[in-house]
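Lettering follows sequence order; numbering is per chain, from 1. In this text, all values refer to a predicted model and were calculated from it rather than measured experimentally.
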Amino acid sequence: MSSQESDEAEELPKHGLKGPSPDERPHPEGRRNSQGIRIDPAAEAEPEQRRAVLSALVEDDPGVLSRIAGLFSRRQFNIESLTVGPTTVENHSRITMVIEESDPGIDQAEKQLAKLKPVIAVGELDDDAVRTELVLLKVEGDDPDKVHAVTEMYDGQTLDAGPKTITVQLTGDEQKIDDAIDAFRQFGIIEIARTGYTALARGDQATVPGEKPGTADEPTRPKNAQQ
Amino acid sequence: MSKQAPSSPNATTDAEVDPDEETEQTPVTTGSEAVIRALENEGVEAAFGVQGGAIMPVYDALYHSDIRHVTMAHEQGAAHAADAFSVVRNEPGVCLATSGPGATNLVTGIADANMDSDGLLALTGQVPSDMVGSDAFQETDTTGVTAPITKHNYFASDADTVGDTVGEALALAGEGRPGPTLVDLPKNVTLDETDAEPGPAEPPATTRPQYVADEENVAEAADAIQAAERPLLLFGGGVIKGDATEQAREFAREHEIPVVTTMPGIGSFPEDDDLCLSWAGMHGTGYANMAITHTDLLIAVGTRFDDRLTGGIDTFAPEAEVIHIDIDPAEISKNVHADYPLIGDAGIVLDQVDDALEASPDADEWREQCQTWKAEYPMDYATPDDEPLKPQFVVEILDEATGDDAIVTSGVGQHQMWAAQYWTFTEPRTWVSSHGLGTMGYGLPAAIGARIAADDDQEVVCVDGDGSFLMTIQELSVAVREELDITVAVLNNEYIGMVRQWQDAFFEGRRMAAEYNWCPEFDMLAEAFGARGFRVDDYDEVAETVEEAVAYDGPSVIDFHIDPAENVYPMVPSGGANGQFALTEDQL
Ligand SMILES: Cc1ncc(C[n+]2csc(CCOP(=O)(O)OP(=O)(O)O)c2C)c(N)n1
């Protein structure tokens, strides 16, 4: 076999053949100019990442959460938080997810979620959506008055106070929670538990496509159903 | 299957079926019987599997059923056979396995079907519900293991609903973009008494594929087609799965648009048609890759733009706008940005676009250019008399010796590429291969599934590599036992050749773990299994031996000792530009 000869082998290119990993793969966005002609991706800026709040209405099948979490890890979507809880419809739950992705990534995440059998409908929430997070904070109990003052300042509640520790509950948007945590640092924070966002669309907008606010115990039209 | 009226179970082949016969069905009395009844109601004709403790009740219910059960040597074989059955019949195939090792042995086959969007229903036994989670004998979290590689999987919870669950899983496997589903069946559920007859098999209400594309999008796409100077059709496996080959052929011919296929799309358009440029991608034809590189409008139908097709995504169809027709919205702009997304069924959408077109694109020059490329980069190989046997020649002779509708299955490696390159496919569902997962060992069990699914007068040929054949060679015992007329052509280079080719090209010739200098005598091995065995070393024995093997009414194996140095070309190096293919080693 000719290729066994070493001199021939020397001429062969030395680069490997491994393809780029998913995060190295260029995103489709911005790869064409206005004439539809592709432009050199190196000349392009990185696709901008943004945060999106996705809401999914799901059937309470066993394992639904692991299916969704599995989808995110398998497809390498960058997930920041995920909350889940029941709705007014029996056997339906709402899952709120915050992901940080480029626009095509967010679009993929939505479409891949919609493909899962237990997912009834999924949608991205507008920026003006009502969103809030809950955090429990346990701080050293040396200075109860001061802790109480800070808790009041952030509209929090004291849930437990003992000689050694004080536990407070706060709700609000991310900025408020971050600020509050900063303020509590002076007392010595022992433990934190944060839930991540849960959210609903503002006003009479539907949170997921097909949802009927005001008659919330009516089941939602399945995703993709033709109008 | 679900497209036809449900045939009655135990139906006689008699033309005059008693209309009352349906009501004469013996009522189901156990969960297992409900499982089998659900399959029968949907007209399932065959199932592939291996027995075992937790699945025994289901097998017991099969005892009195007319469903043909093929006992395989290994569950991987069962999944591949069912997968191939689905490719040939265009309806979900069914496989069965016991819990634990049976279920885990199915995994490769399920993953394979998932990547290739092949409809497949896997039924797995499970330990009794009250022992789940206790690490009981032969327990595996089968739904957990298979969640990422199925469209959806189910854990059956009770005997009264298990029949409906199986029906739903079967319907879901074939609905929209097909894929594998699985139902895990705890032993108590299949043993429990029930009189619940399964209802009509319907996919879950939460899955509603869209079949008709948005009219406005269609109009825009039609305008783009009319304006195109260098239009190119790209037919993927979805054209075949969507049963849209007729519409696809008509569309291409009516508007005289050149056609390139993907590898799973082989057979969607006749490769001997002037308009056809064969398949594109890493080892596709030079002319297909040139056409993709220079088209100004790529009309892609039913493809997921796998990286083996596109090469580097930035250099893929660099001058083209893209129309993407697909039934799965998540495929749109996943890998390649779609300028005109058309979500829907391939055949329906092609008809919609056709209706919207007022004129065909004016592309005489482009068509001529495509023909020029055909002449410029022909598929060719050297056959001087003194050289060892070339695999391409073997494939051509096999093609000649069998009918136009012969089914070809393959393993994975160089032989797969030669089979795809040198066989001239003209019919859909005649090329049965492992594309997305690239599973060595797929060929032989796939040939068994294809044989069971195919018409009696259709030839089934498995083009295999020595390495791939060894991975599932035990299934030869099944072919012999079931008296299946298949011909296995082993292109034996005593290498795991594709790996050797890459090592030579990209790892400075260090052939680590790629040499099979202990290859068994496959002809003798075949005889030991009870099949016919042949060995061919020279050009002048090829035609005669092929004829004899094909004529033999049972399984036969031809061990072709081919040139071990032969490589697959053209080749687009991984991540490279399609237009920059190497025709020889020096060009890599
Ligand atoms: C199950 C599995 N293991 C490993 C591989 C990696 N692989 C791809 S091609 C190949 C060599 C195939 O050898 P053979 O079947 O002899 O075919 P040839 O390339 O020689 O025609 C290997 C090891 C694979 N595709 N599948």
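Neither the backbone nor the side chain of B:Q501 comes within contact range of chain A, judged by heavy atoms closer than 4.5 Å. For B:R177, the part lying near chain A is the side chain, with the backbone staying farther off; criterion is any non-hydrogen pair under 4.5 Å. Contact of A:E59 with chain B is made through the side chain alone, with heavy-atom distances under 4.5 Å. Interface remark: B:N153 contributes backbone and side-chain atoms alike to the contact with chain A (heavy atom separation under 4.5 Å). Both the backbone and the side chain of B:I332 come within contact range of chain A, each with at least one heavy atom under 4.5 Å from a heavy atom of that chain.
Across all their heavy atoms, B:W502 and B:S574 have their closest contact at CH2-CB, 4.4 Å. Of all non-hydrogen atoms in A:A199 and A:R94, the two that sit nearest each other are O-CD, 4.1 Å.
Not one N or O on the side chain of B:D296 forms a donor-acceptor pair closer than 3.5 Å with the backbone of B:E319.
No side-chain heavy atom of B:T207 sits under 4.5 Å from any side-chain heavy atom of B:H152.
To the nearest 0.5 angstrom, A:E133 atom CD is 12.0 Å from A:Q175 atom CD.
Of all the listed residues (B:S157, B:G144, B:P204, B:G176), the one sharing the greatest number of non-hydrogen pairs under 4.5 Å with chain A is B:P204.
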